[in-house]
Amino acid sequence: MLKLVANNTIVSEYEAVPGRVTSGPHGPKPRRILSRRNIVVYGTLIVVALYYLLPLYVMIMTSLKGMPEIRIGNIFAPPVEITFEPWIKAWAQACTGLNCDGLSRGFWNSVRITVPSVIISIAVASVNGYALANWRFKGADLFFAILIIGAFIPYQVMIYPIVIVLREMGIYGTLTGLIMVHTIFGMPILTLLFRNYFAGLPEELFKAARVDGAGFWTIYFKIMLPMSLPIFVVAMILQVTGIWNDFLFGVVFTRPEYYPMTVQLNNIVNSVQGVKEYNVNMAATLLTGLVPLTIYFISGRLFVRGIAAGAVKG
Amino acid sequence: MTSVSVRDLSLNFGAVTVLDRLNLDINHGEFLVLLGSSGCGKSTLLNCIAGLLDVSEGQIFIKDRNVTWEEPKDRGIGMVFQSYALYPQMSVEKNLSFGLQVARVPQAEIDKRVARASEILQIQPLLKRKPAELSGGQRQRVAIGRALVRDVDVFLFDEPLSNLDAKLRSELRVEIKRLHQSLKNTMIYVTHDQIEALTLADRIAVMKGGVIQQLADPMTIYNAPENLFVAGFIGSPSMNFFRGEVAAKDGRSFVQVDGVAFDVSAYPARAGLQPGQKVVLGLRPEHVKIDEAAAGDAAHQAVVDIEEPMGADNLLWLTLAGQSMSVRIAGQRRYKPGTNVRLSFDMGVASIFDAASENRL
Amino acid sequence: MTSQTRGSARPNQWLRNLNAKIASIPMILTALVIFVGGTSWTVLYSFTNSKLLPRLSFVGLDQYVRLWAAPRWLISIENLAIYGFFSLIFSLVIGFVLAALMDQKIRFENTFRTIMLYPFALSFIVTGLVWQWLLNPQYGIQSIVRSLGWTNFNFDPLYNSDIVIYGILIAALWQGTGLVMCLMLAGLRGIDEDIWKAARVDGIPMWKTYVLVIIPMMRGVFITTLVIIASGIVKVYDLVVAQTSGGPGIASEVPAKYVYDYMFQAQNLGQGFAASTMMLVTVAIIIVPWAYLEFGGGRKRA
Ligand SMILES: Nc1ncnc2c1ncn2[C@@H]1O[C@H](COP(=O)(O)OP(=O)(O)OP(=O)(O)O)[C@@H](O)[C@H]1O
Ligand SMILES: [Mg+2]
């Protein structure tokens, strides 16, 4: 049961593509360069690409302009006079409520949330997936099924009970509590990811290791881990982006001094006091998007794999 | 003294019974081959002996010690898999020594054993390489070496040669036989290749549906199959079967098939054949002779349908008693399709089975 | 003989695979305590009149009656329906068309894919804020078009209660269609190339091949994508918070925001629980039939 979703097929098919040069795209063969078909295809794709790029372009342009220029000019025009003032202000001086130390605080909070959450959630889920794939015990599948079904339950349904549990444990509002929440909600998709990966490794390898006398942890650390680097990278990409971009858990489970970057960004931009400084807002928005974007552009294909797998998370 | 002994072993996956109250005794130093078609439970039995599957019922003894619930590592077994199952991230040397390191054997001892195993298998030049840098045959050698270094009493092979091409397969087959002769430990070898089974085995256990159909030495299995399944499974092309009825006349017994009578007086039946009994007569292709001119029985006249020359011998497909049968003849003798031939049979090496129970008579 | 008796005893079932069981404790706790326990807890307390603190004083269906009488909830549901309907249709159509275009043996496929997918790496907050800026009537698209001469051009979705949800929809589509395209493209790549050859030999025009052959073959991919999009729709929250904070007025409220506001701001827990239970029901309506098809059908096949 629960090979969850054709999703995984999708991922593996996707990966299979680069290898199969000949069986890449399937459409009819391209003809002359300026055929009507080519004009339609490339024309559409270029227009679409421009549409996707437009917001990024506008963000960058706005963040490099001074406020006077924004008031008179148009948002698509490149800056007449480039200024980095908005970036500095967004990073170090922008105000949320009474605090005026900029987004940097949110950035470091996000780092302090993301790093341990990613490590712990991946550690827990990978061991879990390994146990499910190789050391199946009675009832394991039931718990796993509950876990996967749980991935579809709206967070809103479970938030309040978790608040109570965390409060009872005395870690409500702390970073520890938030890290735990990220570990819990990352568990379904990560466990699925690792379970499928480990189940896809040759079973005989695992048997050979058992005959060689290796136990649960020895096999995990000495045999499975070294063979699974790619999937750990995928899981890391998935988690870093997911946790960095999280807003809901950040608002619900932390106190203002621990707010992650997204929450602080929203508070800065949508604060009703003072004059709206659109250039600072856009610089702040870009700053917040910078971490996942960097990961995205560096990791490329692995990222696609990660989100295709993580898409279940919605 | 038995080396491995399986008592009333049953194994179910959920509602599916894969092994059904199976009994098997393997002698010390014996080379036992488990032979059977795909899905009959060979690997399952082997995995149970190795301790990789929890049995549902029954017991397993190795060297007279009950190991039914012991960990694989405590059973004194080594295992070689079809896909080699080498740890990809470790060098050959690491692969060989991994089990010993887990067992905390002193390094000096590890080095000694690795050196010995790699000498026996002639893989010394490969020790520093990764499995990905080896050919299939070399990988399988390393996999055997991994069992060798652990100084085990029982070697378990699960189709170790199936992933190799024909030439390498026959080379390694000889090597495994040589290894067995020099090491003299017990080997249990799973295969569905009957050539491997016949050439390697001291005894063969033919399995079907989780039950051992016959356990005997290769020649007995070949010459005196215990039932219809074993008879049909062993031999290529397979045995010719004729369904008929026993008849007696002038103190001789016959099997009547579709108007053709086969004289089976020479057949060494265990109990007498009862006239009227429904039987299946089995004749191997090489136990049929084609007689020159009119020497044969006029009743056994057949027409050559197809000829398959195979170099060393020649395989003819004929029609007799309304059904197709194959005959293997030696040498270069050629028969054109349509040729009329007469056949004679060596009933001393034929097989007769009861049609209902399918057991040998 | 002692060793025989020791070995022959079937060991305690609880102790077998002990390490695996220990390693699974986090999963078991999460599954039981949080997912089963937490969900049941919320559903149970949705039948109480909990205000600031959860209390077990049952009031039957009162919270639900109040919920379905609240204009804000009704607007939330209406918004969710519009948003859900259009984002399903548009994501699937746009995603599929883009994937089909990408599957035409084009050059720079990687570049195009990178461009279409990067918004998905961004958070809803960032997406919401960018589009808030682009749709700003004073400086954004509206002002540009007006400055080009069309002085009567009106496009201010974020400030117009009637169409505000479409403003959010635009941002959501910008963020999410790239992913749908990728899933669809993977689905297209999974189709046997011989199908295309056969269709060409039979002289079937390309668009017909897509409609009559390819799309039916991609049923599984479509269903998966549908479930992914749909369960994302129900959860939509951050985007609205960033882009409009539910405004103007309450015109762009959504259920997830309703739940949050009642639980953590209006201090009316009972309402929050009832609303979140309704969200759960919505998801169940989407998931259960799908799970039935996916796994119920699978059992029949096996
Ligand atoms: N984990 C499992 N769950 C359910 N059924 C299984 C499992 N493993 C094996 N089986 C079934 O048990 C039967 C025996 O399998 P086994 O692997 O022992 O066959 P085999 O004789 O080794 O075949 P082959 O020659 O193909 O390797 C098969 O019908 C198989 O479908
Ligand atoms: Mg097998």
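Please read all numbers here as calculations on a predicted model, not as lab measurements. Labels below follow one simple rule: chain letters A, B, ... track the order of the sequence lines, proteins then strands, and each chain is numbered from 1.
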*Check for a donor-acceptor pair, side chain of C:Asp238 on one end and backbone N or O of C:Ala242 on the other, with a separation under 3.5 Å.*
no
*Among side-chain atoms of A:Tyr220 and A:Ser126, is any donor-acceptor pair under 3.5 angstrom?*
yes
*Side chain, backbone, both or neither: which part of A:Phe247 has an atom under 4.5 Å from a heavy atom of chain C?*
both
*Quick one: what part of A:Arg136 sits under 4.5 Å from any heavy atom of chain C, side chain, backbone, both or neither?*
backbone
*Counting only heavy atoms closer than 4.5 Å, note whether C:Val236 contacts chain A via side chain, backbone, both or neither.*
neither
*Side chain / backbone / both / neither for A:Ile46 at chain C, heavy atoms under 4.5 Å*: both
*Answer with side chain, backbone, both or neither: which region of A:Ile184 has an atom nearer than 4.5 Å to a non-hydrogen atom of chain C?*
both
_Under a 3.5 Å distance rule, please check whether A:Asp246 uses its side chain to pair with a backbone N or O of A:Phe249 as donor and acceptor._
yes
*Per-residue contact mode, C:Tyr118 against chain A (heavy atom under 4.5 angstrom)*: both
*Does the separation of the ring centres of C:Tyr260 and C:Phe264 fall below 6.0 angstrom?*
yes
*Keeping the roles fixed (side chain from C:Thr42, backbone from A:Val157), state whether a donor-acceptor pair exists under 3.5 Å.*
yes
*Interchain contact, A:Thr262 with chain C, by part (heavy-atom threshold 4.5 Å)*: both
*Would you mind checking which part of C:Thr282 comes under 4.5 Å of any heavy atom in chain A, side chain (CB onward), backbone (N, CA, C, O), both or neither?*
neither
*Heavy-atom distance under 4.5 Å to chain A: side chain of C:Phe112, backbone, both or neither?*
side chain
_Segment of C:Lys21 engaging chain A (4.5 angstrom heavy-atom cut-off)_ = both
*asked:* Less than 4.5 Å to any heavy atom of chain C: does that hold for the side chain of A:Asn270, its backbone, both, or neither?
replied: side chain
*Using non-hydrogen atoms only, which part of C:Val259 is less than 4.5 Å away from chain A: side chain, backbone, both, or neither?*
side chain
*Tell me, side chain or backbone of A:Val163 under 4.5 Å from chain C's heavy atoms, or both, or neither?*
side chain
*Side chain, backbone, both or neither: which part of A:Ala140 has a heavy atom under 4.5 Å from chain C?*
backbone
_Using only atom types and a distance under 3.5 Å, with no angle test, would you say the side chain of C:Lys235 pairs donor to acceptor with the backbone of A:Phe152?_
no
_Donor-acceptor contact present, side-chain C:Gln104 to main-chain C:Ala100, <3.5 Å_ = yes
_Polar contact flag, side-chain donor to acceptor under 3.5 angstrom, A:Thr62-C:Trp133_ = yes
_Heavy-atom contact with chain A under 4.5 Å, split by part of C:Ile287_ = side chain
*Using non-hydrogen atoms and a 4.5 Å limit, figure out which bit of A:Val124 sits close to chain C: side chain, backbone, both or neither.*
side chain
*Against chain C, work out which of A:Asn266, A:Asn74, A:Asn281 has the most heavy-atom pairs shorter than 4.5 Å and name it.*
A:Asn266
*chain A contact via C:Ser147 - which portion, at a heavy-atom distance below 4.5 Å*: neither
*In terms of heavy-atom proximity below 4.5 Å to chain C, should A:Ile164 be classed as side chain, backbone, both, or neither?*
side chain
_Between C:Arg189 and C:Glu109, does any NZ, NE, NH1 or NH2 come within less than 4.0 Å of an OD or OE carboxylate oxygen?_
yes
*Measuring heavy-atom distances to chain A, does C:Ser143 have an atom under 4.5 Å in its side chain, in its backbone, in both, or in neither?*
neither
_Contact class of A:Tyr130 relative to chain C, heavy atoms under 4.5 angstrom_ = neither
*Which answer fits C:Asn17, side chain, backbone, both or neither, if we ask what part of it has an atom under 4.5 Å from a heavy atom of chain A?*
side chain
*Any donor-acceptor pair under 3.5 Å linking the side chain of A:Lys65 with the backbone of A:Ala77?*
yes
*asked:* If we ignore hydrogens and angles and just use 3.5 Å, is the side chain of C:Gln243 paired with the main-chain N or O of C:Leu129 as donor and acceptor?
replied: no
_Taking every non-hydrogen pair under 4.5 Å, which of A:Val252, A:Ile159, A:Val165, A:Leu142 racks up the most with chain C?_
A:Val252
_Criterion side chain to side chain contact (heavy atoms under 4.5 Å, CB included) on A:Ile219 and A:Asn134, from CA distance to verdict_ = CA-CA 10 Å; A:Ile219 296 180; A:Asn134 291 314; 5.9 Å; no
*Which atoms of A:Ile295 come close to chain C, meaning under 4.5 Å heavy atom to heavy atom: side chain ones, backbone ones, both, or neither?*
neither
*Among A:Phe297, A:Trp244, A:Phe76, which residue forms the greatest number of heavy-atom pairs with chain C at distances under 4.5 Å?*
A:Phe76
*asked:* How long is the straight-line distance from CG of C:Leu117 back to OH of A:Tyr52, given to the nearest 0.5 Å?
replied: 9.0 Å
_With a 4.5 angstrom heavy-atom cut-off, is it the side chain or the backbone of C:Pro119 that approaches chain A, or both, or neither?_
side chain
*asked:* Taking side chain as everything from C-beta outward and backbone as N, CA, C, O, which of these in C:Ile144 sits under 4.5 Å from a heavy atom of chain A? Side chain, backbone, both or neither.
replied: side chain
_Exceeds 12 heavy-atom contacts within 6.0 angstrom, atom CZ of C:Phe108_ = no
*asked:* Please classify the contact of C:Ile25 with chain A as side chain, backbone, both or neither, using a heavy-atom distance under 4.5 Å.
replied: neither
*Indicate, with yes or no, if the rings of A:Tyr155 and A:Phe185 have centres closer together than 6.0 Å.*
yes
*Heavy-atom distances under 4.5 Å only: say whether C:Ile170 touches chain A with side chain, backbone, both or neither.*
both
_Donor-acceptor pair, distance only, cut-off 3.5 Å: does the side chain of C:Ser24 make one with the backbone of C:Met27?_
no
*Among A:Thr241, A:Ile162, A:Leu248, which has the most heavy-atom pairs under 4.5 Å with chain C?*
A:Leu248
*Just by distance, do the side chain of C:Tyr237 and the backbone of A:Gln156 share a donor-acceptor pair under 3.5 Å?*
no
